[in-house]
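All values below come from the heavy atoms of this structure, side chains included, with hydrogens, waters and symmetry mates left out. Residues: numbered from 1 along the sequence shown. The model shown is predicted, which means the values in this text are computed figures rather than measured ones.
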Amino acid sequence: MPQFDLANVFVPQLFWLAVLFVILYFGVVRLTLPKLGAVMEERENKVTGDIAAAEKSKLDSDKMNEDYQAGLTSARNDARVILADAKSKATASIEKKSAAAQKKADDAIAAAQAEIEKAKASAMSEIESVAAEGASAIVERLTGKTPSAAAANKAVKSAFN
């Protein structure tokens with residue numbers, strides 16, 4: 001049987017196995033591996049470049065965010081200053097108007113009090129003259145004599161004070 005004749009079959013098979021192994025090995029190593037290495041290196045370079053671009057973009061976005069936050073803080077502070085200034089101006093204007101209104105009210109009150117005092121003095125003089133006439137009439141009825149107008153006025157003034 002030929003398959004059991006190891007001396008004649010095995011050595012040529014080992015030779016052709018070695019020849020094919022060397023051809024395939026060097027074919028793969030010399031032809032395929034450089035292409036595969038170039039593809040892997042290109043891929044690694046692309047991934048590295050993408051990572052570097054992503055890091056740069058992240059740094060840029062962080063800087064933009066910091067600038068935005070700083071601008072926002074600055075705008076808030078400016079708004080607070082403007083608001084405080086407007087508030088102080090409004091307060092000053094209100095105080096000025098309030099003082100003017102108070103002065104006007106005080107003047108009106110003083111004028112009204114002057115009129116009241118004038119009316120009171122006029123009323124008192126009329127009351128005194130009526131009281132003097134009444135007292136003169138009473139004294140005349142009781143005594144039958146008419147007192148002088150000066151004496152009647154003097155008596156009424158002493159009674160009111």
Side-chain angles (χ1 to χ4, degrees), residues 21 23-161:
F21 179 76
I23 290 172
L24 285 175
Y25 178 76
F26 284 109
V28 168
V29 168
R30 296 285 180 187
L31 298 176
T32 307
L33 282 181
K35 290 179 185 177
L36 185 62
V39 168
M40 287 178 63
E41 185 176 331
E42 180 183 330
R43 188 172 205 134
E44 183 179 339
N45 290 339
K46 181 166 176 39
V47 168
T48 304
D50 289 347
I51 289 173
E55 287 175 352
K56 184 180 181 302
S57 295
K58 183 178 182 324
L59 290 174
D60 290 345
S61 69
D62 288 345
K63 185 176 181 339
M64 287 174 58
N65 186 28
E66 288 175 8
D67 292 344
Y68 171 75
Q69 292 298 330
L72 193 60
T73 302
S74 175
R76 283 182 182 150
N77 290 337
D78 291 346
R80 283 188 184 113
V81 168
I82 291 170
L83 183 63
D85 186 42
K87 190 176 181 181
S88 67
K89 285 180 181 177
T91 301
S93 174
I94 288 171
E95 287 176 357
K96 185 178 178 183
K97 288 179 182 179
S98 176
Q102 185 65 38
K103 184 176 180 339
K104 190 175 180 180
D106 289 344
D107 291 344
I109 289 171
Q113 283 181 341
E115 278 189 46
I116 289 171
E117 288 297 321
K118 187 177 175 184
K120 184 178 173 184
S122 173
M124 275 309 273
S125 71
E126 292 210 13
I127 288 174
E128 286 176 0
S129 69
V130 169
E133 287 177 16
S136 179
I138 290 172
V139 168
E140 183 182 344
R141 245 187 187 210
L142 290 176
T143 62
K145 290 186 187 176
T146 304
S148 70
N153 282 339
K154 185 178 175 185
V156 167
K157 283 188 181 185
S158 68
F160 278 133
N161 291 332

Novice: With rounding to the nearest 0.5 Å, note down the distance linking OG in S57 to CG in D50.
Specialist: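 Rounded to the nearest 0.5 Å, the OG-CG separation comes to 10.0 Å.
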Novice: Hey, could you give me the CD/OG distance between E66 and S61, rounded to the nearest 0.5 Å?
Specialist: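 Answer rounded to 0.5 Å: 10.0 Å.
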Novice: Can you pull the salt bridge (Lys or Arg N to Asp or Glu O under 4.0 Å) pairs that have at least one residue in residues 104-115, sequence neighbours excluded?
Specialist: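 Only K103-D107 qualify under salt bridge (Lys or Arg N to Asp or Glu O under 4.0 Å).
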Novice: Quick one: side chains of residues 84-95, donor-acceptor pairs under 3.5 Å with protein atoms, not counting sequence neighbours, listed by atom name and distance.
Specialist:
unit_1: S88; atom_1: OG; unit_2: A84; atom_2: O; d: 3.4
unit_1: S88; atom_1: OG; unit_2: D85; atom_2: O; d: 2.8
unit_1: T91; atom_1: OG1; unit_2: K87; atom_2: O; d: 2.8

Novice: Hey, what do you get for CG (D67) to CG (D62), rounding to the nearest 0.5 Å?
Specialist: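 Reported value, rounded in 0.5 Å steps: 11.0 Å.
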Novice: In a table with atom names and distances, give each donor-acceptor pair under 3.5 Å that connects a side chain of residues 150-160 to protein atoms at least two apart or in another chain.
Specialist:
unit_1: N153; atom_1: ND2; unit_2: A149; atom_2: O; d: 3.4
unit_1: S158; atom_1: OG; unit_2: K154; atom_2: O; d: 3.4
unit_1: S158; atom_1: OG; unit_2: A155; atom_2: O; d: 2.9

Novice: Would you give the length of the straight line joining atom CG of D78 to atom OG1 of T73, rounded to the nearest 0.5 angstrom?
Specialist: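 Answer for the CG-OG1 pair, D78 versus T73, is 10.5 Å.
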Novice: Return the CG to CG distance between D60 and N65, rounded to the nearest 0.5 Å.
Specialist: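 It is 12.5 Å, given to the nearest 0.5 Å.
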Novice: With E140, which residues qualify under side chain to side chain donor-acceptor pair (under 3.5 Å), at least two apart?
Specialist: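 So E140 forms a side chain to side chain donor-acceptor pair (under 3.5 Å) with T146.
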Novice: Can you name the residues that form a side chain to side chain contact (heavy atoms under 4.5 Å, CB included) with R141, not counting sequence neighbours?
Specialist: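 R141 satisfies side chain to side chain contact (heavy atoms under 4.5 Å, CB included) with no residue once adjacent residues are dropped.
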Novice: Can you give the donor-acceptor pairs under 3.5 Å from side chains of residues 28-45 to other protein atoms, not counting sequence neighbours?
Specialist:
unit_1: N45; atom_1: ND2; unit_2: E41; atom_2: O; d: 3.3

